Amino acid sequence: MNVIEITNLKKSYGRNSVLDIPQMSFEKGICVGIFGANGCGKSTLIKCISGLLPFDGEILIDGIDIKKNPSPLSKVGVLIEDAALFNYMTGRENIKYFCKDISNLEEYADILDVKDILDIKARKYSLGMKQKIAILLACVKGSNAILLDEPFNGLDVISVEKTIRLLQKCKQNGATALLTSHQLDVSENVIDTYYLLKDKKIFNCATPQKELGSKYLLELFDDEQARKVCEILKQKGIKCEIDGYKVKTELNGENIYELVAELKDCPVKKIEDISYSVKEAYLNMEAKK
């Protein structure tokens with residue numbers, strides 16, 4: 001069953017044509033990655049599907065043309081660019097304002113680990129806190145579809161992992177998720193298939209082969225922390241190599257994010273999965289198209 005169906009979608013800004021997509025559809029309960037260079041139209045595509053921009057063509061959600069009847073959009077959660085929250089409301093109040101059904105709120109907040117900030121005014125949130133509450137809002141509202149534009153911006157590595165877990169849960173509950181991201185090594189942990197958007201057109205790249213969880217590159221803040229991390233990993237029997245302030249490690253089934261969470265005295269600046277080449281496949285597609 002297709003939750004979203006697109007036919008002859010065209011979008012222009014004046015004489016500048018941005019999108020020209022003859023046909024595209026998304027099944028129930030999957031996560032789709034939309035990749036492409038800056039300015040290729042990823043955000044515009046999300047805005048068209050969410051009804052925020054006028055367009056030519058047809059977009060159906062649950063079989064209903066959103067131009068003729070916008071009612072399906074009440075079950076579509078959206079996060080585009082900045083987290084749009086009312087600063088004078090708490091996170092919980094924002095979610096209640098935008099969502100008719102909040103039956104999943106407590107469960108989703110627990111997965112994302114934001115229960116401690118739900119009842120704080122949004123004006124007191126940091127950038128990362130705002131982003132997490134906006135992600136939570138989109139997931140609670142989006143019982144049918146969740147549209148996320150660069151959702152990992154402003155998040156630390158642990159929050160990214162919790163966001164991925166939340167999206168996996170949303171998929172299990174039948175929601176279809178679309179996300180755009182430049183963080184391909186992160187996105188591949190949740191997407192089921194991905195597309196390249198280039199020159200107004202959309203290209204179905206592949207269904208990722210989940211060869212994940214073996215080799216990672218950890219970036220630390222200085223050489224000394226990198227040496228300490230390497231010592232800790234070796235004590236655990238984990239293979240690793242050090243290169244300045246970076247540590248290359250090969251895991252044997254361990255969860256990289258749980259492992260990083262244990263390194264409290266040596267905070268990890270960045271994690272890159274180098275065991276699987278969604279990034280390589282994307283770059284190859286980008287070069288060919």
Side-chain angles (χ1 to χ4, degrees), residues 30-33 35 77 79 83 91 104-118 125-140 142 146 148-173 175 177-192 194 208 210-221 225 229 232-233 236 238 240 246-279:
I30 67 168
C31 183
V32 179
F35 301 142
L79 170 58
N104 288 328
L105 173 57
E106 296 302 321
E107 179 186 14
Y108 287 3
D110 187 55
I111 294 172
L112 199 55
D113 194 19
V114 293
K115 283 189 172 182
D116 59 332
I117 64 171
L118 265 182
Y125 288 162
S126 66
L127 175 63
M129 292 162 71
K130 283 184 178 179
Q131 189 75 353
K132 286 188 282 188
I133 293 298
I135 290 169
L136 177 62
L137 194 163
C139 289
V140 171
I146 303 164
L148 303 176
D149 189 18
E150 296 292 346
F152 307 119
N153 285 351
L155 299 184
D156 59 72
V157 291
I158 303 302
S159 296
V160 167
E161 168 63 9
K162 291 172 180 175
T163 299
I164 289 172
R165 291 180 185 177
L166 176 56
L167 289 175
Q168 295 284 16
K169 183 62 177 179
C170 292
K171 286 165 55 178
Q172 291 174 14
N173 288 341
L178 270 67
L179 67 86
T180 74
S181 180
H182 292 296
Q183 300 183 44
L184 308 189
D185 54 317
V186 172
S187 303
E188 67 192 14
N189 288 281
V190 69
I191 61 174
D192 298 290
Y194 64 105
K210 300 294 184 179
E211 301 170 3
L212 303 174
S214 56
K215 296 179 182 179
Y216 291 89
L217 187 66
L218 308 181
E219 182 177 325
L220 284 299
F221 286 89
Q225 288 183 344
V229 167
I232 293 171
L233 294 178
K236 291 177 173 288
I238 298 173
C240 62
K246 296 181 179 180
V247 175
K248 183 185 294 185
T249 181
E250 185 171 347
L251 304 184
N252 298 310
E254 298 91 343
N255 183 297
I256 184 63
Y257 293 98
E258 291 178 0
L259 183 63
V260 167
E262 296 178 17
L263 305 174
K264 297 179 181 179
D265 296 330
C266 302
V268 176
K269 183 178 180 182
K270 180 181 178 182
I271 300 175
E272 183 176 359
D273 188 333
I274 57 175
S275 60
Y276 174 63
S277 57
V278 163
K279 182 183 293 185

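Keep in mind that this is a model prediction, so the values were computed, not measured.
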Qualifying residue, where the test is side chain to side chain contact (heavy atoms under 4.5 Å, CB included) with L136 and the options are L118, T163, I117: L118
First locate atom [atom1] of [X], then atom [atom2] of [Y], and finally report the distance between them rounded to the nearest 0.5 Å.
X: L220; Y: K246; atom1: CG; atom2: NZ; answer: 11.0 Å
X: L233; Y: Y216; atom1: CG; atom2: OH; answer: 13.0 Å
X: K248; Y: L217; atom1: NZ; atom2: CG; answer: 7.0 Å
X: L112; Y: I133; atom1: CG; atom2: CD1; answer: 7.5 Å
X: K169; Y: E107; atom1: NZ; atom2: CD; answer: 4.5 Å
X: L167; Y: Y108; atom1: CG; atom2: OH; answer: 9.5 Å

For the residue pair [X] and [Y], what are the closest heavy atoms and their distance?
X: L166; Y: C139; answer: CD2-SG, 3.8 Å
X: P267; Y: F221; answer: O-CD1, 3.4 Å
X: S159; Y: K132; answer: OG-NZ, 3.5 Å
X: L148; Y: A138; answer: CD2-CB, 3.9 Å

Quick check: are there more than 12 heavy atoms from other residues, nucleotides or ligands sitting under 6.0 Å from [atom1] of [X]?
X: D265; atom1: CG; answer: no
X: K171; atom1: NZ; answer: yes
X: K115; atom1: NZ; answer: yes

Contact between [X] and [Y] at the side-chain level, heavy atoms closer than 4.5 Å - yes or no?
X: K270; Y: V157; answer: no
X: Q168; Y: C31; answer: no
X: L259; Y: T249; answer: no
X: K269; Y: Q225; answer: no
X: E161; Y: I271; answer: no

side-chain contact (heavy atoms from CB on, under 4.5 Å) between K162 and I111, intermediate numbers included: CA-CA 6 Å; K162 291 172 180 175; I111 294 172; 5.7 Å; no
